[in-house]
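What follows is a set of notes on a single structure, which appears directly below.
Residue indices begin at 1 and follow the sequence shown.
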Amino acid sequence: MSLRDKPATHLSVDKPWSAKESWRLFGIMAEFVEGTERLDTIQPAVSIFGSARTNPDNPHYKLAEQIAKQLSDAGFSVISGGGPGIMEAANKGAYFGKSPSIGLNIQLPHEQHRNAYQDISQTFRHFFARKYMFVKFATAYVVLPGGFGTLDELMEALTLVQTGKTRKMPIILVYSEFWRGLLDWFQKTLIAEGFISAEDMNLIQIIDEPSQVVNAIFQYYETSGFEPTAAEREIQLNL
């Protein structure tokens, strides 16, 4: 039996459910409006990502905290996912630095809880609204070891920069030993198959020392400055 053979009642949309879906759009719009208004004054900012499951005694946690503290003292607001693990480390480092610590929290059935080191805290129900904020307000991405969520954020940033849907920015991978296998796969499979170009690898930097992370971001913007150009602002409007 094909869809054409099914009675029309099987294809109709339940009206109460359809109305509920329509009203949800207003909630989504509210997340975008509220998030944009609350974060509008935090630039320049750096988004930091990594596993929610990293314990405070883990070297990755300590590294994230050091990087965030140095970024904060250098004048960068630090944005994290607002939860535990690397997110907490990033917020903690920034919280005890000179610049704001921002947590973009997400409501999840499990695993996520808000950490205590946030000057600005914004909670989202929808991943896509939250991800928009990470990109819109970032002048750089710093990515530490993590799982699916971390990889999702990394690939999102690479895709948006590669396709010109957001302005170019430093995308820095920290803890080279962790990332080596993925980057080898990029080289040996994605480039070899023609799925990405060799030049796309230039979008990624690998840096392990906190001070070098900060220096790399400053060097990237040395001639242009952190303030987006008019053309870059136009791109951001269509993110």
Side-chain angles (χ1 to χ4, degrees), residues 39-50 60-82 86-104 117-120 131-146 150-151 153-162 164-176 178-179 182-183 199-229 231-233 235-236 239:
L39 302 181
D40 198 42
T41 60
I42 67 168
Q43 294 176 315
V46 176
S47 292
I48 297 181
F49 302 96
H60 302 160
Y61 184 105
K62 299 180 186 302
L63 189 57
E65 186 177 352
Q66 292 171 11
I67 292 170
K69 176 66 162 56
Q70 292 191 25
L71 286 169
S72 181
D73 286 340
F76 294 98
S77 299
V78 172
I79 307 172
S80 92
I86 297 297
M87 295 179 283
E88 178 183 280
N91 281 139
K92 184 178 180 181
Y95 189 80
F96 291 106
K98 297 178 180 179
S99 304
S101 171
I102 296 97
L104 304 184
Y117 305 102
Q118 302 177 38
D119 297 305
I120 299 174
K131 289 167 70 176
Y132 172 86
M133 302 301 164
F134 281 129
V135 178
K136 177 176 174 59
F137 293 100
T139 53
Y141 260 46
V142 175
V143 190
L144 286 97
T150 301
L151 293 174
E153 296 293 353
L154 171 60
M155 297 306 167
E156 178 91 10
L158 288 172
T159 301
L160 290 172
V161 173
Q162 181 204 47
K165 291 298 289 182
T166 190
R167 67 171 176 161
K168 291 184 177 180
M169 68 178 77
I171 301 174
I172 299 170
L173 305 184
V174 179
Y175 207 78
S176 54
F178 177 84
W179 297 107
L182 178 65
L183 297 181
E199 291 75 20
D200 288 331
M201 296 298 293
N202 295 330
L203 299 175
I204 305 168
Q205 299 181 63
I206 306 169
I207 304 174
D208 288 344
E209 292 297 324
S211 61
Q212 292 179 14
V213 171
V214 179
N215 290 338
I217 297 172
F218 273 114
Q219 288 171 8
Y220 188 91
Y221 290 101
E222 188 173 17
T223 57
S224 62
F226 295 108
E227 188 70 20
T229 65
E232 289 172 337
R233 288 187 182 279
I235 289 172
Q236 295 294 83
L239 180 62

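Interatomic distance, Ser224 OG to Arg167 CZ, rounded to the nearest 0.5 Å: 7.5 Å. Atom-to-atom distance recorded for Phe96:CZ and Glu65:CD is 8.5 Å, nearest 0.5 angstrom. To the nearest 0.5 Å, the span separating CD1 on Ile102 from CD1 on Ile79 amounts to 5.5 Å. A distance of 8.0 Å separates CE of Met87 from OG1 of Thr150, quoted to the nearest 0.5 Å.
You'll find the side chain of Asp200 reaches within 4.5 Å of the side chain of Gln162, heavy atoms only.
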Go through the steps for Ile217 and Leu71 under the test side-chain contact (heavy atoms from CB on, under 4.5 Å), then give the verdict.
CA-CA 10 Å; Ile217 297 172; Leu71 286 169; 3.8 Å; yes

Leu173 vs Leu182, test: side-chain contact (heavy atoms from CB on, under 4.5 Å). Steps then yes/no.
CA-CA 11 Å; Leu173 305 184; Leu182 178 65; 5.6 Å; no

Show, in sequence, the C-alpha distance, side-chain angles and deciding distance for Tyr220 and Phe226, and conclude whether the side-chain contact (heavy atoms from CB on, under 4.5 Å) test is met.
CA-CA 9 Å; Tyr220 188 91; Phe226 295 108; over 6 Å; no

Listed pairs under 3.5 Å, donor-acceptor, residues 204-211 side chains, sequence neighbours left out:
unit_1: Asp208; atom_1: OD1; unit_2: Tyr175; atom_2: N; d: 2.8
unit_1: Asp208; atom_1: OD1; unit_2: Ser176; atom_2: N; d: 2.9
unit_1: Asp208; atom_1: OD2; unit_2: Ser176; atom_2: OG; d: 2.8

Show me the donor-acceptor pairs, under 3.5 Å and distance only, between side chains in residues 131-143 and residues at least two apart or in other chains.
unit_1: Lys131; atom_1: NZ; unit_2: Asp152; atom_2: OD1; d: 3.4
unit_1: Lys131; atom_1: NZ; unit_2: Asp152; atom_2: OD2; d: 3.0
unit_1: Lys131; atom_1: NZ; unit_2: Glu156; atom_2: OE1; d: 3.2
unit_1: Thr139; atom_1: OG1; unit_2: Ala45; atom_2: O; d: 2.8

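For the pair Val78 and Ala68, the tightest heavy-atom approach, listed with the atom from each and the gap, is CG2-O, 3.9 Å. In plain terms, the two heavy atoms of Ala64 and Ala89 that are nearest each other are CB-CB, 3.8 Å. Taking every heavy atom of both residues into account, Ala216 and Ile172 meet most closely at CB-CD1, 4.3 Å.
In this view, Asp73 and Lys69 satisfy the side-chain hydrogen bond (donor to acceptor under 3.5 Å, both in side chains) rule, not counting sequence neighbours. Residues passing the side-chain hydrogen bond (donor to acceptor under 3.5 Å, both in side chains) test with Glu227 are Arg233, sequence neighbours excluded. Looking at residues two or more places apart in sequence or on another chain, you find no side-chain hydrogen bond (donor to acceptor under 3.5 Å, both in side chains) involving Gln66.
For the side chain to side chain donor-acceptor pair (under 3.5 Å) condition, the pairs that include at least one residue of residues 88-103, sequence neighbours left out, are Tyr61-Glu88, Ser80-Asn91, Asn91-Ser101, Asn91-Asn115.
Results of the side chain to side chain contact (heavy atoms under 4.5 Å, CB included) test with Val174 over Ile86, Ile67, Ile48 single out Ile67 as the only residue that passes.
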